[in-house]
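Residue numbering restarts at 1 for every chain, and letters A, B, ... go by the order of the sequence lines.
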Amino acid sequence: MALEKVNVYWFRKCLRLHDNEPLLRLAQQQTVPLLPIFIFDSKFLPETRESENQEDCTGALSGQNQFQFLLECLTDLDAQLQAMGSKLCVFLNRTTEDVFQHLVTTFDVQALHYAKDSEPFAQIRDATVTQLMEDNGIEVHSSWAGHTLVDLDEMKEHWDGTVPKTYKKFWPVVETLNVPASVESVTAVPPLPALDLLLVNGDASNLCETVPTLTELGFPPLVKHCPFYGGERQGLERMEAKLSNTSWVCGFEKPKTSPASLQPSTTVLSPYLTLGCVSARYFYHQIQEVYRKNNHTKPPMSLHGQLYFREWFYYLSYTTPNFDKMEGNPLCLQVDWEMDDAKIQQFKEGRTGLPWIDAAMRQLREEGWIHHLARHAVACFFTRGQLYQHWEAGKNIFAEYLLDGDYALNAANWMWLSCSAFFTAYFRVYGVESFPKKYDKAGVYVKKYCPELRNMPSKYIYCPWDAPLEVQQDANCIIGVDYPHPMVDYKEAKQDCMVKMKAAYARKQRGTAGPGGQKRSVTQADLGEPPARSVRKKPRRQKPKKNKPKSTGKKKTKGTQKRGKKKKKVTRKKRKGKN
DNA sequence: ATCGACGTTGTTTCC
DNA sequence: GGGAAACAACGTCGA
């Protein structure tokens with residue numbers, strides 16, 4: 001007997017009905033039943049991930065908050081599909097290949113459509129599935145569908161194998177390539193095929209009745225929900241709310257928003273963009289609408305500027321091997337980072353004894369989101385600033401807890417903050433007292449996320465170890481008992497790190513992407529001489545006058561010296577002239 | 001080739 | 001308190 005004809009739409013990211021070209025195409029073929037599916041591949045669920053070393057999970061979701069958010073996205077999609085007489089078919093506890101194998105033997109599949117995904121694990125997965133379908137004579141259609149502003153393959157052609165190393169070089173190109181218009185939303189879908197055919201094998205098909213729960217995925221139940229709820233409708237609502245404030249949109253400058261605000265000072269659309277509840281391209285055009293009749297800020301600080309950064313990092317991650325690693329990554333400076341499990345753990349749990357750092361890390365764990373500058377501050381502290389731990393370890397922590405723990409953006413930003421790529425001024429270190437003080441003198445933010453410090457006087461809120469014992473007693477917070485001693489003297493640690501970073505820069509080694517990705521480990525020989533141990537902290541204050549500062553460690557080359565000197569002079573002159 | 005300008009968002013001191 | 005300079009000095013780009 002002839003099998004029933006179906007088209008299959010495969011949701012992975014792009015969990016939306018708006019600006020979803022491959023879905024729209026199938027939705028318009030009303031004569032063929034449509035099966036909208038989502039697969040929880042058993043490879044990526046907690047049980048398997050723990051038991052097997054899953055290298056190829058790189059880029060896949062891992063944290064509990066993220067899965068909760070994802071489930072909410074699926075529930076929202078399912079509800080919207082049900083309102084159109086369909087539903088979302090979720091498969092659990094099977095591998096992706098198994099599910100497709102099952103589909104092609106159960107139905108006469110006409111076509112498979114999906115939105116492209118640039119992450120390495122996804123590209124491998126998609127190539128495998130595409131092959132499987134094509135072996136069965138099934139047409140496969142995919143497109144970028146607005147997850148990036150511009151088609152990444154078109155971008156690749158434009159750059160013709162080169163990699164734009166600076167943002168400034170990259171962003172105007174996005175504008176010249178023209179961001180395509182978003183496609184219309186899907187408002188009707190063809191009916192479902194007969195699902196009971198899928199259940200012929202009973203449980204073996206693992207087609208869920210409804211969107212599963214967190215515990216069904218193998219996670220412990222949520223203790224407390226984070227403040228953000230997943231879903232296309234949630235995302236669009238948030239976007240519209242933000243865009244309705246015209247003056248805020250037009251005046252947006254990222255560096256002027258506060259990382260210590262109790263209510264997010266930015267859009268918090270990133271979790272929705274990460275999973276594609278909101279199309280980046282659609283958001284871009286909606287911002288453009290607001291800009292149209294108003295003066296507005298410009299990249300890099302503006303909202304469009306933020307999307308250009310995202311685009312740049314997506315493009316780089318798409319074209320750079322081992323983008324989320326140091327070794328074998330041609331963009332990444334090779335640094336002799338440490339990997340100290342105890343330190344990593346203290347950082348991860350918000351027990352460093354440095355209130356600003358701990359508050360941010362605790363907010364991250366509890367809420368799945370922290371402000372961009374708080375990410376900067378903790379990433380700087382963890383790597384080149386104080387702890388000198390490997391940025392990959394920090395990146396993995398963010399990847400686990402951030403709702404927007406996006407493969408491309410997370411790796412790029414960790415490289416940025418650790419001065420491994422894009423940014424090189426390693427002597428600019430965020431202070432763990434001075435920086436938060438600029439935004440929050442009273443320490444309200446710290447007191448919220450580190451409640452044991454809530455009675456500490458503002459004077460000591462960022463340095464409670466300096467509080468006299470009687471002050472600690474009055475505040476009911478004894479350092480070393482109720483709140484940890486600082487794990488480092490942050491000023492000393494900064495000086496040590498700068499010496500090491502200077503040596504790393506002197507070695508000038510970036511990763512080499514050799515054939516096969518080249519995975520050998522970096523040896524001491526690669527790294528050159530360890531930094532001389534006693535170069536040091538020069539007394540900060542020292543009457544300056546116009547003497548050259550005494551040189552530390554290696555001597556500068558003549559070129560460097562000259563350059564620095566001259567430049568400074570010019571700058572000074574210029575400024576004087578201006579005033 | 002060399003040099004100056006510049007880089008999404010630093011800190012501390014001095015005036 | 002606000003603004004400017006000192007701090008120490010990187011890579012990339014382009015003239």
Side-chain angles (χ1 to χ4, degrees), chain A residues 162-171 252-259 265-266 297-310 312-313 331-333 335 371-377 379-381 384-385 412-413 415-439 441 490-491 494-495 498-499 501-510 535-576 578-579:
Chain A
T162 65
V163 174
K165 293 226 175 72
T166 63
Y167 174 76
K168 205 177 169 187
K169 197 161 183 213
F170 177 81
W171 81 259
F252 185 90
E253 291 186 276
K254 188 68 158 279
K256 295 197 178 151
T257 57
S258 167
S265 58
T266 52
T297 50
K298 296 283 172 6
M301 268 114 86
S302 64
L303 283 174
H304 267 182
Q306 307 305 303
L307 287 171
Y308 293 145
F309 265 104
R310 179 177 183 274
W312 182 37
F313 290 154
L331 292 176
C332 186
L333 185 72
V335 177
H371 185 276
H372 188 65
L373 291 178
R375 301 180 196 203
H376 278 209
C380 177
F381 172 81
R384 67 183 168 87
N413 280 305
M415 281 191 272
W416 190 297
L417 268 302
S418 63
C419 285
S420 297
F422 317 120
F423 179 73
T424 56
Y426 59 76
F427 43 87
R428 285 191 201 163
V429 175
Y430 290 85
V432 300
E433 292 184 59
S434 55
F435 184 71
K437 248 180 218 162
K438 287 193 294 191
Y439 301 93
K441 268 223 160 73
Y490 73 86
K491 290 178 182 163
K494 170 177 161 183
Q495 293 307 316
M498 287 194 11
V499 170
M501 287 305 289
K502 183 171 181 157
Y505 267 96
R507 293 188 286 266
K508 284 187 189 315
Q509 290 197 351
R510 304 265 155 188
V535 188
R536 90 268 345 2
K537 14 184 111 190
K538 77 199 336 107
R540 241 178 174 32
R541 166 139 6 310
Q542 189 152 245
K543 224 39 200 304
K545 268 15 337 168
K546 42 198 13 329
N547 292 343
K548 289 278 90 210
K550 56 173 136 172
S551 104
T552 56
K554 316 189 158 185
K555 341 205 107 81
K556 294 180 216 170
T557 63
K558 263 189 186 146
T560 312
Q561 241 168 2
K562 207 168 166 195
R563 200 165 51 174
K565 213 202 236 163
K566 262 192 188 159
K567 175 173 157 193
K568 189 161 281 176
K569 244 185 205 155
V570 170
T571 310
R572 212 180 284 142
K573 222 184 268 171
K574 231 195 200 162
R575 283 202 181 132
K576 254 184 216 158
K578 262 198 221 159
N579 294 345

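Using a 4.0 Å cut-off, no side-chain N or O of A:Arg428 falls inside it from OP1 or OP2 of B:dG7. Not one side-chain nitrogen or oxygen of A:Thr166 sits closer than 4.0 Å to the OP1 or OP2 atom of C:dT12. Regarding contacts with the backbone of B:dT9, every side-chain N or O of A:Thr257 stays at 4.0 angstrom or more from both OP1 and OP2. Taking only side-chain nitrogens and oxygens, A:Lys502 comes nearer than 4.0 Å to OP1 or OP2 of C:dA9. Using a 4.0 Å cut-off, no side-chain N or O of A:Lys169 falls inside it from OP1 or OP2 of B:dG7.
With a cut-off of 3.5 Å on both pairing distances, the Watson-Crick and G-U wobble pairs of DNA chain C assemble into stems of 3 or more at B:2-7 with C:10-15, B:10-15 with C:2-7.
Nucleic acid contact class of A:Lys298 (heavy atoms, under 4.0 Å, all strands): none. At a threshold of 4.0 angstrom between heavy atoms, the contacts of A:Gly431 are confined to the sugar-phosphate backbone, with no base atom among them. Nucleic acid contact for A:Lys508: sugar-phosphate only, since backbone atoms but no base atoms lie under 4.0 Å from a heavy atom of the residue. A:Trp171 comes within contact range of no nucleotide atom at all, as no heavy-atom separation falls under 4.0 Å. Within the nucleic acid shown, A:Gln306 comes within 4.0 Å of at least one base atom, counting heavy atoms only.
Taking atom P on both C:dC13 and B:dA1, the two are 16 Å apart, rounded to the nearest angstrom. Taking the P atoms as reference points, B:dT8 lies 25 Å from C:dA6, given to the whole Å. For the C1' atoms, the distance linking B:dT12 with C:dG1 amounts to 15 Å, nearest Å. B:dC3 and C:dC7 have their P atoms separated by 23 Å, given to the nearest Å. Rounded to whole Å, the P atom of C:dA5 lies 16 Å from the corresponding atom of B:dC6.
Using bins of under 30°, 30° to 60° and over 60° for the plane-to-plane angle, the ring pair A:Trp416/A:Phe309 lands in the perpendicular bin.
In terms of the side chain to side chain contact (heavy atoms under 4.5 Å, CB included) criterion, residue partners of A:Lys254 (sequence neighbours excluded) are, by chain and number, A:Phe252, A:Thr257, A:Thr266, A:Gln306, A:His372. Here A:Tyr490 pairs with nothing under the ring-ring contact (aromatic ring centres under 6.0 Å, His included) rule; sequence neighbours left out. Partners of A:Phe427 according to the ring-ring contact (aromatic ring centres under 6.0 Å, His included) rule, which considers only residues two or more places apart in sequence or in another chain, do not exist here. Under the rule for a salt bridge (charged side-chain N to carboxylate O under 4.0 Å, His left out), A:Lys298 has no partner lying at least two apart in sequence or in another chain. Qualifying ring-ring contact (aromatic ring centres under 6.0 Å, His included) partners for A:His371, counting only residues two or more places apart in sequence or in other chains: none.
Residue-nucleotide stacking is present for A:Phe309 and B:dT8, judged by a side-chain ring centre under 5.5 Å from the six-membered base ring centre and planes under 30° apart.
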- Message: The test is side chain to side chain contact (heavy atoms under 4.5 Å, CB included); show your working for A:Cys380 and A:Arg384 and say whether it passes.
- Response: CA-CA 6 Å; A:Cys380 177; A:Arg384 67 183 168 87; 3.7 Å; yes
- Dump the intermediate steps for side chain to side chain contact (heavy atoms under 4.5 Å, CB included) on A:Leu333 and A:Met415, then the final yes or no. CA-CA 9 Å; A:Leu333 185 72; A:Met415 281 191 272; over 6 Å; no
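Here C:dC13 is the nucleotide among B:dG10, C:dC13, B:dT8 with the atom lying nearest to any side-chain atom of A:Lys165. Comparing B:dT8, B:dT12, B:dG10 by their nearest atom to the side chain of A:Lys438 picks out B:dG10.
Between the CZ atom of A:Arg384 and the C1' atom of C:dA9 there is a distance of 13 Å, given to the nearest Å. Rounded to whole Å, the distance from CH2 on A:Trp416 to C1' on B:dG10 is 15 Å. Across the protein-nucleic acid pair, A:Phe423 atom CZ and B:dT9 atom C1' stand 9 Å apart, rounded to whole Å. To the nearest angstrom, P of B:dT11 lies 10 Å from OH of A:Tyr490. When rounded to the nearest whole Å, the span between CZ of A:Phe422 and P of C:dT12 equals 11 Å. Rounded to whole Å, the distance from CD on A:Gln495 to P on C:dC7 is 14 Å. Between A:Tyr167 atom OH and C:dC13 atom C1' there is a gap of 17 Å when expressed in whole angstrom units. Look at NZ on A:Lys168: it is 13 Å from P on B:dT9, rounded to the nearest Å.
For the pair A:Lys441 and A:Tyr426, nearest-nucleotide mapping onto DNA chain C gives the more 5' position to A:Lys441. For the pair A:Met498 and A:Arg510, nearest-nucleotide mapping onto DNA chain C gives the more 5' position to A:Met498.
Within the 4.5 Å cutoff, the side chain of A:Pro300 has no heavy atoms near those of the A:Trp171 side chain.
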